[in-house]
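Worksheet: one structure, shown below.
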There are 4 protein chains.
Amino acid sequence: MNTLATHSVPLANAETRVPRRRRKDARPSELTAAALELFVERGFATTRLEDVAARAGVSKGTLYLYFDSKEALFKAVIEEGIVPTLVAAEQQLAEHSGSAAELLRKLLFGWWQQIGGTRLAGVPKLIISESRNFPEVAQYYHDKVILRGRALLRTVLQRGIADGEFRALDVETAIDVIIAPLLMLVIWRFSLCFCGQETDPESYLETHFDLLVHGLHRSQDGQ
Amino acid sequence: MNTLATHSVPLANAETRVPRRRRKDARPSELTAAALELFVERGFATTRLEDVAARAGVSKGTLYLYFDSKEALFKAVIEEGIVPTLVAAEQQLAEHSGSAAELLRKLLFGWWQQIGGTRLAGVPKLIISESRNFPEVAQYYHDKVILRGRALLRTVLQRGIADGEFRALDVETAIDVIIAPLLMLVIWRFSLCFCGQETDPESYLETHFDLLVHGLHRSQDGQ
Amino acid sequence: MNTLATHSVPLANAETRVPRRRRKDARPSELTAAALELFVERGFATTRLEDVAARAGVSKGTLYLYFDSKEALFKAVIEEGIVPTLVAAEQQLAEHSGSAAELLRKLLFGWWQQIGGTRLAGVPKLIISESRNFPEVAQYYHDKVILRGRALLRTVLQRGIADGEFRALDVETAIDVIIAPLLMLVIWRFSLCFCGQETDPESYLETHFDLLVHGLHRSQDGQ
Amino acid sequence: MNTLATHSVPLANAETRVPRRRRKDARPSELTAAALELFVERGFATTRLEDVAARAGVSKGTLYLYFDSKEALFKAVIEEGIVPTLVAAEQQLAEHSGSAAELLRKLLFGWWQQIGGTRLAGVPKLIISESRNFPEVAQYYHDKVILRGRALLRTVLQRGIADGEFRALDVETAIDVIIAPLLMLVIWRFSLCFCGQETDPESYLETHFDLLVHGLHRSQDGQ
DNA sequence: CATGAATGAGGTTTCATTCAT
DNA sequence: CATGAATGAAACCTCATTCAT
């Protein structure tokens with residue numbers, strides 16, 4: 001009987017039911033999004049779960065329907081922050097073409113588009129601040145994101161060196177030197193931005209890239 | 001004076017008193033030193049004042065003889081961390097000689113000797129983590145340390161450009177790019193160091209400097 | 001009736017419906033049965049309604065269709081636990097025959113058959129544990145079960161004394177002394193049973209009865 | 001100097017200092033005493049630590065200076081409740097003389113004087129109510145108190161039987177039967193006392209003892 | 001000066017209860 | 001009828017801060 005009844009009014013029922021269901025499915029990421037913002041703003045320990053819940057538009061107790069504890073929420077925040085990073089890395093890896101320098105340039109700007117310029121850029125600050133209190137999470141992030149990103153850059157640098165496009169220098173440290181300004185950019189965004197000059201990220205990246213490729217020295221041929 | 005007064009008292013008493021006196025003067029910096037370590041390790045909110053006191057070898061109550069509150073202790077930690085930085089900057093500024101590149105090299109290594117390689121290097125991590133919760137402190141650090149350090153680099157860069165030694169590039173961003181790997185170095189030391197490869201700071205700095213001056217590109221003269 | 005009506009519907013539907021209908025009537029006692037077990041196991045306060053519901057195979061919300069609150073459920077548990085006790089008392093009262101001692105023996109073993117050996121024996125433990133938190137319930141139990149049981153025993157004892165079969169002793173205390181080992185038996189079953197020796201209830205009752213009638217002393221006739 | 005000063009006013013100083021010290025030493029048992037009362041009254045789960053603290057005249061936080069958790073407090077309550085029981089058992093064991101029946105009588109009344117009639121009598125109720133939630137504690141109580149008490153009675157009964165004073169009956173069950181009314185007495189005191197008749201413990205014990213020794217049956221010699 | 005016992009505000013977590021579906 | 005997502009009061013526990021000694 002019930003089967004019959006719903007059969008004649010399928011859409012109406014479906015429509016009223018969906019919001020509830022969609023809500024439920026969306027909750028976890030609504031909550032981790034709110035948590036990410038607050039954790040980055042105030043730090044993990046200082047953030048009250050009640051505020052996280054409020055920012056996500058639910059009550060304190062609701063949080064516990066989806067996460068076992070504050071720590072579990074933290075882990076979920078990081079995990080959820082990792083996926084897009086990996087996806088972005090994959091994409092950029094795939095779209096390579098042209099010289100090593102050009103590929104490098106693409107990577108820097110692509111990273112900015114998909115990570116550095118979004119709210120996800122808070123994750124690194126979070127990891128830096130909390131890594132000592134959550135070693136497993138830090139390890140996880142290290143293995144999944146940092147090592148992977150470094151591998152990407154290593155490939156590019158080694159190719160550039162092999163092709164004679166780049167000088168033969170210590171690749172690992174070079175990777176550090178490439179990454180550092182990117183991290184500075186996001187750390188700045190979430191830490192000291194409010195107390196100083198505003199830098200334009202795009203031109204910052206441009207100069208970083210220029211400096212990286214050409215160095216400070218004026219070469220013999222003029223510029 | 002006190003030493004004289006107690007001079008008639010049995011040795012045992014004298015012995016217990018003198019160290020206490022000497023202790024008394026040293027207390028504040030013993031406490032801030034302990035606090036710096038723990039704040040950097042665990043974060044401000046997660047650090048218990050009892051642990052700070054214990055690490056400094058005193059009782060909880062004693063802390064309040066020297067600092068009005070946990071926040072006051074935090075400010076003292078930062079302030080005390082700033083002085084050596086400024087002193088170091090002064091020294092390096094004074095000892096300039098030779099080319100701009102050489103001066104730059106001296107600055108990087110001097111910073112490592114006096115700041116980056118010491119426990120003081122935890123201060124930046126602390127500032128990054130807590131700046132949003134202590135804006136005045138962050139502002140203070142920004143004005144006293146960051147701006148001053150940047151001014152130093154700006155002078156060097158501008159001199160190099162004026163002398164025709166360096167290319168004419170955007171100085172402010174170049175400063176960022178120079179500083180970033182230094183900060184990465186210390187951030188790494190206090191955050192993710194435990195979960196990955198150990199880099200040798202000296203050679204790291206060397207490569208950083210090399211890359212900074214010459215860039216990635218192989219120049220025409222075949223270097 | 002319902003069975004007939006659904007008779008034209010496919011079997012699958014009929015099968016799901018009929019049990020549901022039968023279920024519906026049985027629900028309350030299924031729920032109180034589950035609740036009794038859990039309340040006895042864990043105590044009232046420590047038992048979660050969700051667990052009660054789960055043990056009864058329904059959802060949390062369903063419980064509230066049958067009971068207004070956790071307290072109401074508790075009262076229902078006790079009330080439902082009382083009825084069989086009363087019925088048992090009636091039966092035993094009716095089946096009297098023979099000497100007072102024999103009647104007493106019948107009562108003890110009958111009680112074990114119908115109460116002490118069943119899950120209903122948890123009720124006394126529950127009453128003991130929770131009486132201070134639910135005075136009305138305790139009073140109710142006291143009046144309906146305890147007083148009634150005592151009245152039963154009083155009748156038997158008084159008859160025995162009147163007939164010259166028993167000594168003339170303080171009847172009320174004698175009642176206590178008769179009941180105590182029975183309660184110990186059930187309390188043990190639901191409390192400390194797991195940490196000690198297992199006693200056989202039947203032989204326990206036998207010895208209790210024997211001791212009750214004859215006492216410790218060896219009588220002159222050499223028994 | 002300080003040593004000298006205190007030397008001339010020894011008692012005054014001692015007297016003002018002592019209260020604080022005595023306070024601190026007395027705190028744990030003040031707290032367990034308060035906790036025992038409330039746990040027995042309301043049950044473990046329903047008792048708020050704030051109320052325990054309040055009854056002991058201190059604040060919530062003070063409790064945690066002496067006990068790690070609510071559970072630790074519970075364990076301390078039981079442990080502290082066990083010691084006097086053991087001590088009492090020792091004493092009664094030592095003061096034996098006369099017939100087995102007389103010894104038995106002494107034990108019953110001694111127990112009432114030192115345990116059953118004091119606040120310690122709440123411990124058994126607590127154990128009964130919470131044993132399932134704290135199996136280790138229950139086991140501990142079982143081993144230290146129950147087994148020990150039974151051993152005491154076993155000795156007496158076996159001696160009585162050996163001497164021909166008592167009939168040869170199942171000793172273990174006899175022990176149960178002796179203990180049961182005692183436990184009923186204390187359980188009653190802490191559970192249902194408020195809803196019924198008040199029994200005089202002394203005469204209750206008297207009848208219990210009388211019944212135990214002589215049984216219900218009127219013996220031939222007309223007693 | 002130094003201590004550490006005491007306090008109580010505040011945060012995390014649980015769970016009885018409600019209600020839209 | 002039945003469900004289970006959502007709520008928020010209430011309890012445990014921590015720890016910055018105070019103060020008597």
Side-chain angles (χ1 to χ4, degrees), chain A residues 2 13 16-21 23-24 27 45-53 57-73, chain B residues 17 20-21 23-24 27 45-54 57-73, chain C residues 17 20-21 23-24 27 45-53 57-73, chain D residues 2 6 13 16-21 23-24 27 45-53 57-73:
Chain A
N2 192 23
N13 257 1
T16 39
R17 224 170 256 168
V18 166
R20 173 81 103 110
R21 175 157 291 178
R23 213 72 221 276
K24 205 205 149 201
R27 275 285 145 75
T46 317
T47 298
R48 297 174 357 174
L49 286 188
E50 192 155 15
D51 290 341
V52 173
V58 298
S59 80
K60 212 178 358 172
T62 301
L63 240 162
Y64 284 87
L65 296 176
Y66 300 96
F67 303 98
D68 284 343
S69 65
K70 196 184 187 184
E71 187 168 337
L73 175 62
Chain B
R17 234 176 236 175
R20 181 182 282 191
R21 179 62 178 224
R23 276 236 129 162
K24 186 186 133 190
R27 276 286 152 75
T46 317
T47 298
R48 296 170 358 160
L49 286 190
E50 191 156 14
D51 289 342
V52 174
V58 299
S59 81
K60 211 176 2 170
T62 302
L63 235 160
Y64 281 85
L65 297 174
Y66 299 98
F67 303 98
D68 285 343
S69 66
K70 196 185 188 185
E71 189 168 337
L73 175 62
Chain C
R17 230 177 240 173
R20 179 182 284 192
R21 179 62 180 224
R23 275 233 129 164
K24 186 185 128 188
R27 275 286 151 74
T46 317
T47 299
R48 297 172 355 163
L49 286 189
E50 191 156 11
D51 290 341
V52 173
V58 298
S59 79
K60 210 176 3 170
T62 302
L63 234 161
Y64 282 85
L65 296 174
Y66 299 97
F67 304 98
D68 285 344
S69 67
K70 197 184 186 185
E71 188 168 337
L73 175 62
Chain D
N2 193 22
T6 56
N13 257 2
T16 39
R17 225 170 256 167
V18 167
R20 172 84 100 113
R21 176 156 292 178
R23 212 75 222 275
K24 206 204 147 201
R27 274 287 145 75
T46 317
T47 299
R48 295 173 359 171
L49 286 189
E50 193 156 14
D51 290 341
V52 173
V58 298
S59 80
K60 209 181 0 171
T62 301
L63 239 161
Y64 285 88
L65 296 176
Y66 300 95
F67 304 99
D68 284 344
S69 66
K70 196 183 187 184
E71 187 168 337
L73 175 62

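Numbers restart at 1 for each chain; the letters A, B, ... are given by sequence-line order, proteins then strands.
To the nearest 0.5 Å, atom CZ of residue B:F67 and atom OG1 of residue B:T62 are 12.0 Å apart. The line from CG of C:L73 to OG1 of C:T47 is 9.5 Å long, rounded to the nearest 0.5 Å. Rounding to the nearest 0.5 Å gives a distance of 9.0 Å between CG of D:L49 and OG of D:S69.
Where B:L49 and D:T46 meet DNA chain F, the nucleotide closest to each residue was compared, and D:T46 sits on the side nearer the 5' end. Both D:Y64 and B:G61 sit near DNA chain F, but only D:Y64 has its closest nucleotide nearer the 5' end. Of the two residues near DNA chain E, B:S59 and A:T47, the one whose nearest nucleotide lies more 5' is B:S59. In terms of position on DNA chain E, the residue among D:L63 and C:E50 whose nearest nucleotide sits closer to the 5' end is D:L63.
Side-chain N/O atoms of D:T62 include one lying less than 4.0 angstrom from OP1 or OP2 on E:dT7. OP1 or OP2 of E:dA2 sits under 4.0 Å from a side-chain N or O of B:Y66.
Rounded to an integer number of Å, the gap from C:F67 CZ to E:dT17 P is 13 Å. Following rounding to the nearest Å, A:R48 (CZ) and E:dG11 (P) show an atom-to-atom distance of 5 Å.
For E:dG10, the base has a donor-acceptor partner in the side chain of D:K60 [N/O atoms by modelled type, under 3.5 angstrom].
Closest to the side chain of C:V58, out of E:dT7, E:dT13, F:dT3, is F:dT3.
When both distances must be under 3.5 Å, the Watson-Crick or G-U wobble mate of E:dA5 is F:dT18.
Across all strands, D:L65 comes closer than 4.0 Å to base atoms (heavy-atom distances).
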